[in-house]
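Read the structure below first, then the notes.
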Amino acid sequence: MFEEPLPKNKAGQPQEHTPYEIHRSNEYFQREYLVAVQEIKILQQQLRACFRKNGVNHLEDCKELREQLWEKMHQPNYGAPGAPRSSSKYM
């Protein structure tokens with residue numbers, strides 16, 4: 001589904017990945033997902049502070065932060081590479 005096709009060797013056969021490569025790949029996707037989650041948390045903190053600072057004018061003054069957070073939250077995996085966490089691969 002979301003996995004990249006296996007690279008071909010010289011004979012045209014698909015190469016098999018070693019367990020080490022699979023482990024490194026999984027670690028990479030997990031690490032990138034955790035970074036994306038932390039970015040969401042930072043944006044939420046910045047938006048919360050902006051709301052408190054600007055009071056009744058927060059709709060105008062915090063619009064860019066709000067839209068940036070909205071876009072990031074509505075991407076699969078918060079913009080991190082890999083299969084979406086809601087897919088059956090992670091269940």
Side-chain angles (χ1 to χ4, degrees):
M1 282 176 36
F2 293 97
E3 296 179 17
E4 297 177 10
L6 293 174
K8 306 283 184 185
N9 60 14
K10 293 178 182 177
Q13 302 293 329
Q15 283 182 334
E16 295 184 17
H17 293 290
T18 64
Y20 176 73
E21 290 172 341
I22 294 169
H23 178 70
R24 293 252 341 224
S25 174
N26 288 339
E27 278 188 347
Y28 168 75
F29 290 129
Q30 291 170 0
R31 191 170 38 251
E32 289 298 317
Y33 179 75
L34 292 175
V35 168
V37 168
Q38 289 301 318
E39 288 175 357
I40 291 287
K41 289 180 181 180
I42 291 169
L43 285 173
Q44 288 173 336
Q45 290 173 351
Q46 290 174 348
L47 186 62
R48 193 176 300 118
C50 184
F51 276 14
R52 290 181 183 147
K53 176 183 166 191
N54 294 305
V56 294
N57 295 327
H58 69 79
L59 291 175
E60 296 173 0
D61 297 339
C62 303
K63 181 178 181 180
E64 292 174 5
L65 269 176
R66 188 179 66 240
E67 289 176 352
Q68 184 181 4
L69 179 63
W70 180 264
E71 289 296 320
K72 185 96 169 144
M73 287 180 68
H74 285 84
Q75 294 176 357
N77 289 345
Y78 306 126
R85 295 286 176 164
S86 61
S87 70
S88 62
K89 179 179 179 182
Y90 293 99
M91 293 185 176

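These numbers were taken from a predicted model, which means no experiment stands behind them.
Panel note: side chain Gln38, backbone Val35; no donor-acceptor pair is recorded below 3.5 Å.
Between Leu59 and Lys63 there is no side-chain heavy-atom pair separated by less than 4.5 Å. Side-chain contact between Tyr33 and Pro81: absent, with no pair of heavy atoms (C-beta onward) separated by less than 4.5 Å. In this structure, the side chains of Leu65 and Leu69 stay at 4.5 Å or more apart for every pair of heavy atoms.
Checked against ring pair (Phe, Tyr, Trp, His ring centres under 6.0 Å), Phe51 has the following partners two or more places apart in sequence or in another chain: His58.
Other residues, nucleotides and ligands contribute at most 12 non-hydrogen atoms within 6.0 Å of the CD atom of Glu64.
Residue Val37 is grouped with residue Leu43 when hydrophobic side chains (ILVMFWY) are merged at heavy-atom distances under 4.5 angstrom, including chains of intermediate members.
Annotation: the span from Leu34 atom CG to Glu32 atom CD amounts to 9.5 Å, rounded to 0.5 Å. Rounded to the nearest 0.5 Å, atoms CD (Gln46) and CD (Gln68) are 7.5 Å apart. Taking CD of Gln45 as the reference point, atom CD1 of Ile40 lies at 12.0 Å (rounded to 0.5 Å). Interatomic distance, NZ of Lys41 versus OH of Tyr78, reported as 9.5 Å (0.5 Å rounding). For the atom pair SG of Cys62 and CG of Asn54, the computed distance is 4.5 Å after rounding to the nearest 0.5 Å.
Residues Ala36 and Asn77 approach most closely at CB-O, 3.8 Å, considering heavy atoms.
Side chain to side chain, Arg24 and Tyr20 meet the donor-acceptor criterion of an N or O pair below 3.5 Å.
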